[in-house]
Amino acid sequence: PLTAEVRADLHDMARQTWRYFEHMVTAEHHHLPPDNHQRLPHAQTAARTSPTNIGMYLLAVLCARRCGFIGRQEMLQRIGATLDTLDRLPRHRGHFFNWYDTQTLAVLSPAYLSTVDSGNLSAALVAVAGALRDLDDAACDAAAQAALQRSQAQLAVARRANLLPYLEPMVAEIDEVQRRLHALDDATTLDGEPPPAAEQALWLLMDHLRTVRSLTQDDEPAADDRLALAARAEQLAWAADYRWLYDPRRELLHIGALLDNVSGEERLDINHYDMLCSEARLASLVAIAKGDLPARHWARLKRPTFAQGADVGMQSWSGSMFEYLMPTLLVDEPAGSLLHAATQVAVAMQREQGNEWQLPWGVSESAHAERDASLAYQYGPQGAPALALQRTPANERVIAPYASMLALQIAPWQAWHNLRRLEKDGARDRFGFIEALDHTASRQQSGTTQRRVATFMAHHQGMSLLALTN
(Lines give C-alpha, C1' and ligand atoms only; values in the text may rest on other atoms or scores of the structure.)
Protein backbone atom coordinates (compact mmCIF):
# COMPACT_ATOMS: atom_id res chain seq x y z
CA PRO A 1 0.00 0.00 0.00
CA LEU A 2 1.06 3.58 -0.63
CA THR A 3 2.25 5.61 2.33
CA ALA A 4 0.44 8.73 3.53
CA GLU A 5 3.31 10.84 2.18
CA VAL A 6 2.98 9.34 -1.30
CA ARG A 7 -0.80 9.75 -1.29
CA ALA A 8 -0.41 13.39 -0.29
CA ASP A 9 1.99 13.96 -3.19
CA LEU A 10 -0.40 12.29 -5.63
CA HIS A 11 -3.17 14.52 -4.23
CA ASP A 12 -1.02 17.59 -4.97
CA MET A 13 -0.42 16.30 -8.51
CA ALA A 14 -4.18 15.94 -8.96
CA ARG A 15 -4.81 19.50 -7.75
CA GLN A 16 -2.21 20.89 -10.15
CA THR A 17 -3.66 18.86 -13.03
CA TRP A 18 -7.17 20.20 -12.34
CA ARG A 19 -5.82 23.73 -12.82
CA TYR A 20 -5.76 23.18 -16.58
CA PHE A 21 -9.55 22.81 -16.74
CA GLU A 22 -10.16 25.39 -14.01
CA HIS A 23 -8.31 28.04 -16.01
CA MET A 24 -9.01 26.98 -19.61
CA VAL A 25 -12.69 25.95 -19.64
CA THR A 26 -14.48 29.29 -19.78
CA ALA A 27 -17.53 30.96 -21.27
CA GLU A 28 -15.29 32.22 -24.09
CA HIS A 29 -14.89 28.57 -25.14
CA HIS A 30 -18.57 27.77 -24.49
CA HIS A 31 -17.58 25.64 -21.48
CA LEU A 32 -15.67 23.23 -23.69
CA PRO A 33 -12.04 22.23 -23.01
CA PRO A 34 -9.56 23.72 -25.51
CA ASP A 35 -7.51 20.93 -27.07
CA ASN A 36 -4.16 22.16 -25.78
CA HIS A 37 -2.35 25.07 -24.22
CA GLN A 38 1.26 25.66 -25.21
CA ARG A 39 3.34 27.98 -23.08
CA LEU A 40 6.39 28.50 -25.24
CA PRO A 41 7.83 30.38 -27.02
CA HIS A 42 4.63 32.28 -26.25
CA ALA A 43 1.33 31.26 -24.72
CA GLN A 44 -1.14 29.92 -27.27
CA THR A 45 -4.37 28.02 -26.70
CA ALA A 46 -5.85 25.81 -29.41
CA ALA A 47 -9.49 26.91 -29.71
CA ARG A 48 -10.77 23.53 -30.86
CA THR A 49 -12.01 20.44 -29.08
CA SER A 50 -12.96 16.82 -29.68
CA PRO A 51 -15.46 14.35 -28.19
CA THR A 52 -12.64 12.68 -26.23
CA ASN A 53 -11.57 16.04 -24.77
CA ILE A 54 -15.15 16.78 -23.74
CA GLY A 55 -15.66 13.38 -22.12
CA MET A 56 -12.41 13.65 -20.19
CA TYR A 57 -13.30 17.14 -18.99
CA LEU A 58 -16.69 16.04 -17.65
CA LEU A 59 -15.00 13.18 -15.80
CA ALA A 60 -12.36 15.62 -14.52
CA VAL A 61 -15.12 17.77 -12.98
CA LEU A 62 -16.37 14.75 -11.03
CA CYS A 63 -12.79 13.94 -9.97
CA ALA A 64 -12.31 17.50 -8.75
CA ARG A 65 -15.45 17.19 -6.65
CA ARG A 66 -14.42 13.80 -5.23
CA CYS A 67 -10.93 15.10 -4.35
CA GLY A 68 -12.39 18.15 -2.61
CA PHE A 69 -11.19 20.81 -5.04
CA ILE A 70 -14.67 22.16 -5.85
CA GLY A 71 -18.08 22.23 -4.22
CA ARG A 72 -21.32 20.57 -5.25
CA GLN A 73 -22.80 23.63 -6.95
CA GLU A 74 -19.71 24.29 -9.05
CA MET A 75 -19.71 20.65 -10.15
CA LEU A 76 -23.35 20.89 -11.23
CA GLN A 77 -22.85 24.27 -12.91
CA ARG A 78 -19.85 23.07 -14.90
CA ILE A 79 -21.49 19.85 -16.06
CA GLY A 80 -24.77 21.62 -16.85
CA ALA A 81 -23.05 24.35 -18.86
CA THR A 82 -21.14 21.80 -20.96
CA LEU A 83 -24.24 19.68 -21.56
CA ASP A 84 -26.05 22.85 -22.69
CA THR A 85 -23.31 23.39 -25.28
CA LEU A 86 -23.44 19.75 -26.40
CA ASP A 87 -27.16 20.17 -27.06
CA ARG A 88 -26.29 22.99 -29.48
CA LEU A 89 -23.50 21.26 -31.40
CA PRO A 90 -24.20 19.83 -34.88
CA ARG A 91 -24.30 16.03 -34.90
CA HIS A 92 -24.81 13.26 -37.43
CA ARG A 93 -26.67 10.04 -36.63
CA GLY A 94 -26.26 10.95 -32.98
CA HIS A 95 -22.47 11.24 -33.25
CA PHE A 96 -20.51 14.36 -32.46
CA PHE A 97 -17.99 15.41 -35.08
CA ASN A 98 -14.30 14.97 -34.45
CA TRP A 99 -13.40 18.66 -34.16
CA TYR A 100 -15.31 21.82 -33.25
CA ASP A 101 -14.20 25.43 -32.95
CA THR A 102 -14.73 26.21 -29.25
CA GLN A 103 -15.41 29.88 -29.90
CA THR A 104 -17.86 29.61 -32.81
CA LEU A 105 -19.06 26.00 -32.29
CA ALA A 106 -18.57 25.38 -36.02
CA VAL A 107 -17.58 21.92 -37.22
CA LEU A 108 -13.99 22.04 -38.40
CA SER A 109 -13.21 20.78 -41.88
CA PRO A 110 -13.08 18.01 -42.89
CA ALA A 111 -16.34 16.97 -41.22
CA TYR A 112 -15.08 13.66 -39.89
CA LEU A 113 -16.74 11.35 -37.35
CA SER A 114 -14.29 9.23 -35.37
CA THR A 115 -15.47 5.89 -34.02
CA VAL A 116 -12.98 5.89 -31.16
CA ASP A 117 -13.84 9.45 -30.15
CA SER A 118 -17.55 8.68 -30.20
CA GLY A 119 -16.94 5.62 -28.04
CA ASN A 120 -14.83 7.60 -25.59
CA LEU A 121 -17.50 10.27 -25.18
CA SER A 122 -20.35 7.76 -24.90
CA ALA A 123 -18.48 5.79 -22.23
CA ALA A 124 -17.60 8.98 -20.35
CA LEU A 125 -21.22 10.18 -20.41
CA VAL A 126 -22.43 6.85 -19.02
CA ALA A 127 -19.86 7.15 -16.23
CA VAL A 128 -20.86 10.76 -15.58
CA ALA A 129 -24.51 9.75 -15.26
CA GLY A 130 -23.68 6.99 -12.81
CA ALA A 131 -21.41 9.21 -10.73
CA LEU A 132 -24.00 11.99 -10.51
CA ARG A 133 -26.48 9.49 -9.10
CA ASP A 134 -24.05 7.81 -6.68
CA LEU A 135 -21.55 10.47 -5.58
CA ASP A 136 -21.36 10.68 -1.79
CA ASP A 137 -21.65 14.35 -0.79
CA ALA A 138 -20.45 13.70 2.75
CA ALA A 139 -17.26 12.01 1.50
CA CYS A 140 -16.68 14.84 -0.97
CA ASP A 141 -17.15 17.50 1.71
CA ALA A 142 -14.73 15.66 4.01
CA ALA A 143 -12.20 15.54 1.18
CA ALA A 144 -12.64 19.29 0.68
CA GLN A 145 -11.91 20.03 4.33
CA ALA A 146 -8.82 17.82 4.18
CA ALA A 147 -7.68 19.60 1.00
CA LEU A 148 -8.08 23.01 2.65
CA GLN A 149 -6.16 21.90 5.73
CA ARG A 150 -3.32 20.68 3.52
CA SER A 151 -3.17 23.89 1.50
CA GLN A 152 -3.28 25.99 4.68
CA ALA A 153 -0.28 24.09 6.04
CA GLN A 154 1.60 24.51 2.77
CA LEU A 155 0.80 28.22 2.66
CA ALA A 156 2.12 28.62 6.20
CA VAL A 157 5.43 27.12 5.06
CA ALA A 158 5.48 29.47 2.05
CA ARG A 159 4.84 32.49 4.30
CA ARG A 160 7.71 31.54 6.62
CA ALA A 161 9.97 31.31 3.55
CA ASN A 162 8.81 34.80 2.48
CA LEU A 163 7.47 33.45 -0.81
CA LEU A 164 4.25 35.47 -0.58
CA PRO A 165 5.41 39.05 0.13
CA TYR A 166 2.63 41.60 0.70
CA LEU A 167 -0.03 38.90 0.50
CA GLU A 168 -1.96 37.57 3.46
CA PRO A 169 -3.27 34.14 2.36
CA MET A 170 -6.44 34.24 4.43
CA VAL A 171 -7.63 37.61 3.07
CA ALA A 172 -5.98 37.76 -0.37
CA GLU A 173 -8.13 38.49 -3.41
CA ILE A 174 -8.21 36.07 -6.35
CA ASP A 175 -7.90 38.92 -8.87
CA GLU A 176 -4.68 40.19 -7.25
CA VAL A 177 -3.13 36.71 -7.25
CA GLN A 178 -4.18 36.25 -10.87
CA ARG A 179 -2.59 39.58 -11.81
CA ARG A 180 0.72 38.53 -10.29
CA LEU A 181 0.62 35.17 -12.06
CA HIS A 182 0.01 36.88 -15.41
CA ALA A 183 2.99 39.15 -14.78
CA LEU A 184 5.20 36.14 -14.13
CA ASP A 185 3.96 34.42 -17.27
CA ASP A 186 5.86 36.83 -19.52
CA ALA A 187 9.36 35.81 -18.38
CA THR A 188 10.17 32.56 -20.20
CA THR A 189 12.99 31.02 -22.20
CA LEU A 190 12.72 29.10 -25.47
CA ASP A 191 12.18 25.73 -23.80
CA GLY A 192 11.03 27.17 -20.49
CA GLU A 193 11.57 25.82 -17.04
CA PRO A 194 9.43 24.67 -14.12
CA PRO A 195 7.96 27.55 -12.09
CA PRO A 196 10.23 28.90 -9.34
CA ALA A 197 9.23 28.57 -5.70
CA ALA A 198 7.64 32.05 -5.53
CA GLU A 199 5.37 31.28 -8.48
CA GLN A 200 4.49 27.86 -7.08
CA ALA A 201 3.42 29.59 -3.87
CA LEU A 202 1.13 31.92 -5.82
CA TRP A 203 -0.45 28.98 -7.61
CA LEU A 204 -0.99 27.25 -4.28
CA LEU A 205 -2.68 30.36 -2.93
CA MET A 206 -4.86 30.57 -6.03
CA ASP A 207 -5.89 26.93 -5.57
CA HIS A 208 -6.80 27.54 -1.95
CA LEU A 209 -8.85 30.67 -2.67
CA ARG A 210 -10.71 29.02 -5.54
CA THR A 211 -11.65 26.04 -3.39
CA VAL A 212 -12.86 28.31 -0.58
CA ARG A 213 -14.97 30.33 -3.03
CA SER A 214 -16.39 27.16 -4.59
CA LEU A 215 -17.36 25.64 -1.25
CA THR A 216 -18.95 28.91 -0.17
CA GLN A 217 -21.45 28.58 -3.02
CA ASP A 218 -22.84 25.48 -1.31
CA ASP A 219 -23.98 27.59 1.64
CA GLU A 220 -26.65 29.16 -0.57
CA PRO A 221 -29.89 27.23 -1.13
CA ALA A 222 -30.05 25.78 -4.64
CA ALA A 223 -31.90 23.10 -6.53
CA ASP A 224 -30.21 19.71 -6.66
CA ASP A 225 -30.55 18.79 -10.34
CA ARG A 226 -28.12 15.88 -10.33
CA LEU A 227 -30.72 13.38 -11.48
CA ALA A 228 -31.83 15.64 -14.34
CA LEU A 229 -28.20 16.13 -15.44
CA ALA A 230 -27.61 12.38 -15.21
CA ALA A 231 -30.60 11.72 -17.46
CA ARG A 232 -29.35 14.27 -20.01
CA ALA A 233 -25.86 12.76 -20.03
CA GLU A 234 -27.27 9.27 -20.50
CA GLN A 235 -29.51 10.38 -23.35
CA LEU A 236 -26.53 11.86 -25.21
CA ALA A 237 -24.45 8.75 -24.50
CA TRP A 238 -26.91 6.36 -26.13
CA ALA A 239 -27.88 8.64 -29.03
CA ALA A 240 -24.95 7.64 -31.24
CA ASP A 241 -25.82 5.02 -33.88
CA TYR A 242 -22.95 2.52 -34.04
CA ARG A 243 -24.77 0.19 -36.46
CA TRP A 244 -23.92 2.61 -39.24
CA LEU A 245 -20.18 2.32 -38.48
CA TYR A 246 -20.27 -1.50 -38.34
CA ASP A 247 -19.07 -3.67 -41.20
CA PRO A 248 -21.27 -6.79 -40.99
CA ARG A 249 -19.06 -8.73 -43.40
CA ARG A 250 -15.89 -8.31 -41.35
CA GLU A 251 -17.80 -7.86 -38.06
CA LEU A 252 -15.61 -4.88 -37.19
CA LEU A 253 -16.10 -1.15 -36.70
CA HIS A 254 -14.92 1.25 -39.37
CA ILE A 255 -12.36 3.77 -38.09
CA GLY A 256 -14.79 6.57 -38.88
CA ALA A 257 -16.65 8.36 -41.64
CA LEU A 258 -16.42 11.56 -43.64
CA LEU A 259 -19.49 13.70 -44.28
CA ASP A 260 -19.70 15.99 -47.30
CA ASN A 261 -21.18 19.22 -45.93
CA VAL A 262 -22.61 20.19 -49.33
CA SER A 263 -24.07 16.95 -50.68
CA GLY A 264 -24.55 15.18 -47.36
CA GLU A 265 -22.76 12.13 -48.78
CA GLU A 266 -21.40 9.72 -46.17
CA ARG A 267 -18.11 7.96 -46.85
CA LEU A 268 -17.10 5.24 -44.41
CA ASP A 269 -13.36 4.86 -43.84
CA ILE A 270 -12.05 1.77 -45.62
CA ASN A 271 -9.97 0.83 -42.54
CA HIS A 272 -11.22 -0.91 -39.41
CA TYR A 273 -10.38 -1.24 -35.74
CA ASP A 274 -9.41 -4.89 -35.38
CA MET A 275 -7.20 -5.08 -32.24
CA LEU A 276 -8.35 -5.89 -28.71
CA CYS A 277 -5.45 -3.95 -27.14
CA SER A 278 -6.67 -0.65 -28.49
CA GLU A 279 -8.31 2.47 -27.13
CA ALA A 280 -11.19 1.60 -29.49
CA ARG A 281 -12.37 -1.27 -27.26
CA LEU A 282 -14.42 1.28 -25.31
CA ALA A 283 -16.43 1.99 -28.46
CA SER A 284 -16.92 -1.75 -28.99
CA LEU A 285 -18.18 -2.25 -25.43
CA VAL A 286 -20.54 0.71 -25.61
CA ALA A 287 -21.94 -0.41 -28.96
CA ILE A 288 -22.47 -3.99 -27.73
CA ALA A 289 -24.06 -2.79 -24.48
CA LYS A 290 -26.40 -0.52 -26.45
CA GLY A 291 -27.42 -3.41 -28.69
CA ASP A 292 -26.07 -1.86 -31.88
CA LEU A 293 -23.46 -4.61 -32.34
CA PRO A 294 -23.66 -8.36 -31.76
CA ALA A 295 -21.54 -9.79 -28.95
CA ARG A 296 -19.55 -11.84 -31.47
CA HIS A 297 -17.89 -8.61 -32.62
CA TRP A 298 -15.78 -8.77 -29.45
CA ALA A 299 -14.46 -12.19 -30.50
CA ARG A 300 -13.39 -10.78 -33.86
CA LEU A 301 -10.87 -8.41 -32.28
CA LYS A 302 -7.32 -9.73 -32.74
CA ARG A 303 -5.35 -10.98 -29.76
CA PRO A 304 -1.70 -11.41 -30.85
CA THR A 305 -0.27 -12.94 -27.69
CA PHE A 306 3.32 -13.67 -26.69
CA ALA A 307 5.11 -15.15 -23.70
CA GLN A 308 6.99 -12.84 -21.35
CA GLY A 309 8.60 -15.22 -18.88
CA ALA A 310 5.72 -16.94 -17.10
CA ASP A 311 3.27 -14.22 -18.13
CA VAL A 312 1.15 -13.71 -21.23
CA GLY A 313 1.40 -10.42 -23.09
CA MET A 314 -0.56 -9.08 -26.00
CA GLN A 315 0.64 -6.76 -28.75
CA SER A 316 -1.04 -3.52 -29.74
CA TRP A 317 -0.66 -1.55 -32.96
CA SER A 318 1.93 0.97 -31.71
CA GLY A 319 2.89 -0.33 -28.25
CA SER A 320 1.67 2.82 -26.49
CA MET A 321 0.53 2.97 -22.87
CA PHE A 322 -2.58 4.76 -24.15
CA GLU A 323 -3.79 1.71 -26.06
CA TYR A 324 -3.40 -0.58 -23.08
CA LEU A 325 -4.49 1.58 -20.17
CA MET A 326 -6.85 4.34 -21.30
CA PRO A 327 -9.92 2.02 -21.35
CA THR A 328 -9.09 0.73 -17.86
CA LEU A 329 -9.91 4.21 -16.52
CA LEU A 330 -13.59 3.35 -17.04
CA VAL A 331 -13.75 -0.44 -17.41
CA ASP A 332 -12.92 -3.04 -14.79
CA GLU A 333 -10.67 -5.64 -16.38
CA PRO A 334 -10.52 -8.23 -13.61
CA ALA A 335 -7.45 -10.16 -12.48
CA GLY A 336 -7.14 -13.39 -14.41
CA SER A 337 -8.45 -11.94 -17.66
CA LEU A 338 -6.26 -11.73 -20.76
CA LEU A 339 -6.59 -7.94 -20.87
CA HIS A 340 -5.50 -7.62 -17.25
CA ALA A 341 -2.46 -9.80 -17.91
CA ALA A 342 -1.64 -7.78 -21.04
CA THR A 343 -1.71 -4.47 -19.16
CA GLN A 344 0.58 -5.88 -16.44
CA VAL A 345 3.08 -7.11 -19.03
CA ALA A 346 2.90 -3.84 -20.99
CA VAL A 347 3.83 -1.77 -17.93
CA ALA A 348 6.64 -4.18 -17.04
CA MET A 349 8.07 -4.05 -20.57
CA GLN A 350 7.86 -0.27 -20.70
CA ARG A 351 9.80 -0.14 -17.43
CA GLU A 352 12.41 -2.44 -18.92
CA GLN A 353 12.68 -0.19 -21.96
CA GLY A 354 13.33 2.83 -19.73
CA ASN A 355 16.11 0.93 -17.99
CA GLU A 356 17.60 -0.01 -21.35
CA TRP A 357 17.56 3.62 -22.47
CA GLN A 358 18.78 4.78 -19.02
CA LEU A 359 15.82 7.17 -18.93
CA PRO A 360 12.54 7.41 -17.04
CA TRP A 361 9.98 5.06 -18.57
CA GLY A 362 6.55 5.66 -20.10
CA VAL A 363 6.05 5.93 -23.85
CA SER A 364 2.70 6.78 -25.43
CA GLU A 365 1.31 8.84 -28.28
CA SER A 366 2.16 12.45 -27.51
CA ALA A 367 3.48 15.74 -28.72
CA HIS A 368 7.23 15.96 -29.28
CA ALA A 369 9.81 18.73 -29.69
CA GLU A 370 9.37 19.20 -33.44
CA ARG A 371 7.35 22.32 -34.32
CA ASP A 372 5.38 23.54 -37.32
CA ALA A 373 5.49 27.00 -38.92
CA SER A 374 3.40 28.46 -36.08
CA LEU A 375 5.89 26.96 -33.58
CA ALA A 376 3.22 24.59 -32.25
CA TYR A 377 4.53 21.23 -31.09
CA GLN A 378 3.76 18.30 -33.37
CA TYR A 379 1.85 15.21 -32.26
CA GLY A 380 2.63 11.63 -33.20
CA PRO A 381 2.49 7.95 -32.25
CA GLN A 382 5.06 6.70 -29.78
CA GLY A 383 5.37 3.22 -28.35
CA ALA A 384 7.53 0.42 -27.05
CA PRO A 385 8.88 -1.47 -30.10
CA ALA A 386 8.67 -4.84 -28.36
CA LEU A 387 4.92 -4.35 -27.82
CA ALA A 388 4.11 -2.95 -31.27
CA LEU A 389 2.91 -4.64 -34.44
CA GLN A 390 3.77 -1.48 -36.35
CA ARG A 391 7.46 -0.76 -36.83
CA THR A 392 8.43 2.22 -34.69
CA PRO A 393 11.48 4.42 -35.33
CA ALA A 394 14.36 2.98 -33.32
CA ASN A 395 15.82 6.40 -32.47
CA GLU A 396 12.65 7.94 -30.95
CA ARG A 397 13.03 8.74 -27.24
CA VAL A 398 9.93 10.67 -26.13
CA ILE A 399 8.86 10.13 -22.51
CA ALA A 400 5.26 11.16 -21.73
CA PRO A 401 4.45 11.66 -18.02
CA TYR A 402 0.75 10.88 -18.59
CA ALA A 403 1.84 7.31 -19.42
CA SER A 404 3.08 6.98 -15.83
CA MET A 405 -0.19 8.47 -14.60
CA LEU A 406 -2.07 5.73 -16.44
CA ALA A 407 0.31 3.15 -14.97
CA LEU A 408 -0.71 4.20 -11.44
CA GLN A 409 -3.66 1.83 -11.98
CA ILE A 410 -1.32 -1.15 -12.45
CA ALA A 411 1.90 -0.40 -10.55
CA PRO A 412 1.21 2.59 -8.29
CA TRP A 413 4.46 2.57 -6.30
CA GLN A 414 6.69 2.21 -9.36
CA ALA A 415 4.68 4.80 -11.29
CA TRP A 416 4.96 7.33 -8.45
CA HIS A 417 8.73 6.83 -8.27
CA ASN A 418 8.93 7.39 -12.01
CA LEU A 419 6.86 10.57 -11.76
CA ARG A 420 9.24 11.88 -9.11
CA ARG A 421 12.15 11.11 -11.42
CA LEU A 422 10.41 13.00 -14.22
CA GLU A 423 9.82 15.89 -11.83
CA LYS A 424 13.56 16.06 -11.08
CA ASP A 425 14.15 16.20 -14.84
CA GLY A 426 11.88 19.28 -15.08
CA ALA A 427 8.59 17.75 -16.20
CA ARG A 428 6.35 19.07 -13.39
CA ASP A 429 4.89 22.47 -14.11
CA ARG A 430 1.97 24.81 -13.47
CA PHE A 431 -0.79 22.46 -14.66
CA GLY A 432 0.72 19.25 -13.34
CA PHE A 433 3.11 17.52 -15.71
CA ILE A 434 3.96 18.82 -19.16
CA GLU A 435 3.28 16.74 -22.24
CA ALA A 436 6.70 15.12 -22.68
CA LEU A 437 10.44 15.14 -22.33
CA ASP A 438 12.01 14.58 -25.75
CA HIS A 439 15.40 12.85 -25.69
CA THR A 440 15.48 12.12 -29.44
CA ALA A 441 19.00 12.96 -30.63
CA SER A 442 17.89 14.53 -33.94
CA ARG A 443 15.68 17.05 -32.13
CA GLN A 444 18.25 18.32 -29.64
CA GLN A 445 19.70 21.81 -29.64
CA SER A 446 23.42 22.42 -29.25
CA GLY A 447 24.64 20.83 -26.03
CA THR A 448 21.25 19.46 -24.87
CA THR A 449 20.20 15.87 -24.24
CA GLN A 450 16.57 16.69 -23.40
CA ARG A 451 13.89 19.08 -24.69
CA ARG A 452 10.87 20.01 -22.59
CA VAL A 453 7.68 19.76 -24.63
CA ALA A 454 6.00 22.52 -22.63
CA THR A 455 2.41 22.04 -23.68
CA PHE A 456 -0.65 20.53 -22.01
CA MET A 457 -3.16 18.34 -23.89
CA ALA A 458 -6.72 18.34 -22.56
CA HIS A 459 -7.33 14.61 -22.98
CA HIS A 460 -4.02 13.68 -21.35
CA GLN A 461 -4.78 16.03 -18.45
CA GLY A 462 -8.19 14.41 -18.04
CA MET A 463 -6.77 10.87 -18.18
CA SER A 464 -4.14 11.82 -15.60
CA LEU A 465 -6.67 13.26 -13.18
CA LEU A 466 -8.96 10.27 -13.60
CA ALA A 467 -6.08 7.84 -12.97
CA LEU A 468 -5.01 9.77 -9.88
CA THR A 469 -8.56 9.80 -8.52
CA ASN A 470 -9.11 6.10 -9.24
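Quick caveat: nothing in here was measured; it's all calculated off a predicted structure.
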- [ ] Please confirm whether His92 and Trp244 have ring centers closer than 6.0 angstrom.
- [x]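 So the answer is yes for these two rings.
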- [ ] Please find out if less than 6.0 Å separates the ring center of Trp361 from that of His417.
- [x]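 Ring centres of His417 and Trp361 not closer than 6.0 Å.
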Under the rule for side chain to side chain contact (heavy atoms under 4.5 Å, CB included), what residues qualify as partners of [X], not counting sequence neighbours?
{"X": "Thr17", "value": "Gln461, Ser464, Leu465, Leu468"}
{"X": "Leu375", "value": "Pro41, Arg371"}
{"X": "Ser278", "value": "Tyr273, Met275, Ala280"}
{"X": "Asp207", "value": "Arg15, Arg19, Glu22"}

Open item on the list: Tell me whether the rings of Tyr379 and His459 are parallel (<30°), tilted (30 to 60°) or perpendicular (>60°).
Closed with: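 Rings of Tyr379 and His459: tilted, 30 to 60°.
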List in chain and number order the residues that pass salt bridge (charged side-chain N to carboxylate O under 4.0 Å, His left out) with [X], two or more places apart in sequence or in another chain; answer none if no residue qualifies.
{"X": "Asp260", "result": "none"}
{"X": "Arg133", "result": "Glu234"}
{"X": "Arg150", "result": "Asp12"}
{"X": "Asp101", "result": "none"}

Task: All ring pair (Phe, Tyr, Trp, His ring centres under 6.0 Å) counterparts of His30, not counting sequence neighbours - done: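 Counting only residues at least two positions away or on another chain, His30 forms no ring pair (Phe, Tyr, Trp, His ring centres under 6.0 Å).
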Task: Selection residues 43-64 - residue pairs positive for ring-ring contact (aromatic ring centres under 6.0 Å, His included), sequence neighbours left out - done: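 Passing the test, one end in residues 43-64: Phe21-Tyr57.
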Task: Partners meeting side chain to side chain donor-acceptor pair (under 3.5 Å) with Ser151 (sequence neighbours left out) - done: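 With sequence neighbours excluded, Ser151 shows a side chain to side chain donor-acceptor pair (under 3.5 Å) to His208, given in chain and number order.
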TODO: Check side chain to side chain donor-acceptor pair (under 3.5 Å) between Arg421 and all other residues, then give those that pass, not counting sequence neighbours.
DONE: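 With neighbours one apart ignored, the set is empty.
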What's the separation between atom [atom1] in [X] and atom [atom2] in [Y], rounded to the nearest 0.5 Å?
{"X": "Leu268", "Y": "Ile255", "atom1": "CG", "atom2": "CD1", "result": "11.5 Å"}
{"X": "Leu229", "Y": "Arg226", "atom1": "CG", "atom2": "CZ", "result": "10.0 Å"}
{"X": "Gln16", "Y": "Gln200", "atom1": "CD", "atom2": "CD", "result": "7.5 Å"}

Sidechain-backbone polar pair: [X] side chain, [Y] backbone, donor-acceptor under 3.5 Å:
{"X": "Ser337", "Y": "Pro334", "result": "yes"}
{"X": "His95", "Y": "Asp241", "result": "yes"}
{"X": "Gln378", "Y": "Ala376", "result": "yes"}

Task: Residue that, paired with Phe96, satisfies side-chain contact (heavy atoms from CB on, under 4.5 Å) out of Ile54, Leu236, Val107 - done: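 Looking at Ile54, Leu236, Val107, the match for Phe96 under the side-chain contact (heavy atoms from CB on, under 4.5 Å) is Leu236.
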Open item on the list: If we count only N and O atoms by modelled type, under 3.5 Å, do the side chains of Tyr377 and Asn36 hold a donor and an acceptor together?
Closed with: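 No - no donor-acceptor pair under 3.5 Å links their side chains.
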